[in-house]
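A quick write-up on the structure given underneath.
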2 protein chains.
Amino acid sequence: MDTNGPDVPAFDVMQADCPSRVVLQRIGDKWTPLVFQALKDGPRRFSQVRAAVGQVTPKVLTQTLRTLERDGLVGRRVYAEVPPRVEYSLTGLGRTLLGPLDAVRAWAEANAGGILQARDAYDSRGTGDLP
Amino acid sequence: MDTNGPDVPAFDVMQADCPSRVVLQRIGDKWTPLVFQALKDGPRRFSQVRAAVGQVTPKVLTQTLRTLERDGLVGRRVYAEVPPRVEYSLTGLGRTLLGPLDAVRAWAEANAGGILQARDAYDSRGTGDLP
DNA sequence: CAGCATCCTTCCCGATACTG
DNA sequence: CAGTATCGGGAAGGATGCTG
């Protein structure tokens, strides 16, 4: 029998219009991976996230968090206090992305040096040694 | 003794100017992950890569491949033939990125549906149920 | 504190046409 | 076949100022 029905579309990144590509877009977003790092140990307030990821403007950080919230990766909790407090946290879905994300992060940190060297080598080819 | 000297900078993605961030940029590039998929089974010609990744213009594909070549992730081999033949392949460094990349790809394909659902839920909140 | 509004710049990417 | 040259649009991201 057919256990996966017609409503399990079998996403394929190689297909131009495949929704799975949005994930790559997210990861490529300038601040998304940093936000995940900031939230990986539990809920954090807006300002805490901001402090953790560096000098991102409030506008852009809000955009980033809203997008992640819409995608179901980040939860947003507002406390009716004054001064206002808003906490962000990874959802269950969001936490499952931590693994792949960390693999990429680890690779990046381990191999950034190699990339830099490759660039130097590439850029020095064809520079200066021809009359 | 100190096996890793002071010239192993211990890259950290959380640092604003850290070179490891370029890796995230690459993955976020529209065509880079697709190029990796196209090259994962061995060398491919320019036209083969182009056919595999979909409708990318020659200019953009060249840009992408040049960047990857400069970063030491992709090799480029020109054969002195007519008509000309150029083959691209992953370097050793490039192949080590296949793992992390595939983790992300697998997650994306597995969870694109969940993201789509989350979006529907998010977008339908606050639409239609208020007078 | 946690945003929103507005303006502006930069960069990615695509369409089209041409070449060794 | 495998590119290069040129033009242009649109989206991401940043600067600044204001608000519940």
Side-chain angles (χ1 to χ4, degrees), chain A residues 13 16-18 21-36 38-39 43-71 74-89 122 126, chain B residues 13 16-18 21-36 38-39 43-71 74-89 119 122 125-126:
Chain A
V13 272
D17 55 347
C18 183
R21 295 225 178 153
V22 306
V23 177
L24 302 175
Q25 289 293 326
R26 292 292 158 273
I27 295 180
D29 284 353
K30 187 165 182 179
W31 303 108
T32 297
L34 294 319
V35 167
F36 267 79
L39 295 181
R44 292 289 184 271
R45 304 182 56 164
F46 186 86
S47 349
Q48 291 178 315
V49 175
R50 196 177 175 208
V53 303
Q55 52 282 50
V56 57
T57 63
K59 182 196 119 182
V60 174
L61 181 57
T62 300
Q63 271 180 188
T64 304
L65 288 165
R66 283 289 188 286
T67 301
L68 294 176
E69 189 193 358
R70 189 171 101 104
D71 287 350
V74 160
R76 178 174 182 267
R77 176 119 193 229
V78 184
Y79 295 86
E81 303 174 356
V82 27
R85 189 180 58 170
V86 179
E87 280 187 353
Y88 294 88
S89 57
Y122 185 95
Chain B
V13 271
D17 54 348
C18 183
R21 295 223 179 155
V22 307
V23 177
L24 302 174
Q25 288 292 328
R26 292 292 159 274
I27 295 179
D29 285 352
K30 187 165 182 181
W31 303 108
T32 297
L34 295 318
V35 167
F36 267 80
L39 296 181
R44 293 288 184 275
R45 305 181 57 161
F46 186 86
S47 349
Q48 291 178 315
V49 176
R50 195 175 177 209
V53 304
Q55 53 283 43
V56 57
T57 62
K59 181 195 120 181
V60 174
L61 182 57
T62 300
Q63 272 179 190
T64 304
L65 288 167
R66 283 290 188 285
T67 302
L68 294 177
E69 189 193 358
R70 189 170 101 105
D71 286 350
V74 160
R76 178 174 182 269
R77 175 119 194 228
V78 184
Y79 295 85
E81 303 175 355
V82 27
R85 186 172 52 135
V86 179
E87 280 188 352
Y88 294 89
S89 57
R119 282 192 186 175
Y122 185 94
R125 282 203 292 272

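Quick note on labels: first sequence line is chain A, next is B, and so on, each numbered from 1. Only a predicted model underlies this, so the values are computations on that prediction, with no experimental measurement involved.
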Open item on the list: Under 4.0 Å, counting only non-hydrogen atoms across every strand here, what does A:Y88 touch: a base, just sugar-phosphate, or nothing?
Closed with: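 Touches sugar-phosphate only.
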What are the two closest heavy atoms between [X] and [Y], and how far apart are they?
X     : Y     : result
A:L65 : A:V74 : CD2-CG1, 4.5 Å
A:L34 : B:V13 : CD1-O, 3.4 Å
B:V53 : B:V56 : CG2-CG1, 3.4 Å

Task: With A:D29 via salt bridge (Lys or Arg N to Asp or Glu O under 4.0 Å) - residues at least two apart - done: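 With neighbours one apart ignored, the set is A:R26.
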- [ ] Tell me, please, which residues at least two apart from B:R85 pass salt bridge (Lys or Arg N to Asp or Glu O under 4.0 Å).
- [x]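 B:R85 satisfies salt bridge (Lys or Arg N to Asp or Glu O under 4.0 Å) with B:E81, B:E87 once adjacent residues are dropped.
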Let me know the distance between [atom1] of [X] and [atom2] of [N], rounded to the nearest Å.
X     : N      : atom1 : atom2 : result
A:R50 : D:dG13 : CZ    : C1'   : 14 Å
B:L61 : C:dC12 : CG    : P     : 16 Å
B:L65 : C:dC12 : CG    : C1'   : 16 Å
A:Q63 : D:dG13 : CD    : P     : 8 Å
A:F46 : D:dT19 : CZ    : P     : 18 Å

Open item on the list: Quick check: on DNA chain D, is the nucleotide nearest B:Q48 upstream (toward 5') of the one nearest A:V60, or the reverse? Name the residue that is more 5'.
Closed with: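 Closest to the 5' end, via its nearest nucleotide, is B:Q48.
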Task: Donor-acceptor contact present, side-chain B:R50 to main-chain B:T57, <3.5 Å - done: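 No, B:R50 side chain to B:T57 backbone: no donor-acceptor pair under 3.5 Å.
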- [ ] Say whether, by atom type as modelled, one donor and one acceptor occur between the side chain of B:R44 and the main chain of B:Y88 under 3.5 angstrom.
- [x]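 Checking the backbone N and O of B:Y88 against the side chain of B:R44, no donor-acceptor pair under 3.5 Å is found.
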TODO: Establish, with yes or no, whether the OP1 or OP2 oxygen of D:dG3 is under 4.0 angstrom from a side-chain nitrogen or oxygen of B:R76.
DONE: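 Yes, B:R76 has a side-chain N/O under 4.0 Å of OP1/OP2 on D:dG3.
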Task: A:R66 side chain near C:dG3 phosphate (N/O to OP1/OP2, under 4.0 Å) - done: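 Answer is yes, contact under 4.0 Å.
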Open item on the list: Could you work out, with side-chain hydrogen bond (donor to acceptor under 3.5 Å, both in side chains) as the rule, every residue matching B:R70, not counting sequence neighbours?
Closed with: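 Once residues adjacent in sequence are excluded, the partners of B:R70 under the side-chain hydrogen bond (donor to acceptor under 3.5 Å, both in side chains) criterion are A:D123.
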Task: Counterpart residues, side-chain hydrogen bond (donor to acceptor under 3.5 Å, both in side chains), relative to B:R66 (two or more places apart) - done: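 Partners of B:R66 by the side-chain hydrogen bond (donor to acceptor under 3.5 Å, both in side chains) criterion come out as none, since no residue qualifies.
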Task: Whichever of A:E87 and A:Q25 has its nearest DNA chain C nucleotide further upstream toward 5' - done: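 Nearer the 5' end of the strand: A:E87.
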Open item on the list: Just to be sure I understand the geometry, which residues of residues 28-36 of chain B put a non-hydrogen atom under 4.0 Å away from DNA chain D?
Closed with: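 Nucleic-acid contacts, sorted: none.
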Task: Letter per nucleotide, 5' to 3', of nucleotides 15-20 of chain C [B base touched, S only sugar-phosphate touched, - untouched; heavy atoms, 4.0 Å] - done: B----B
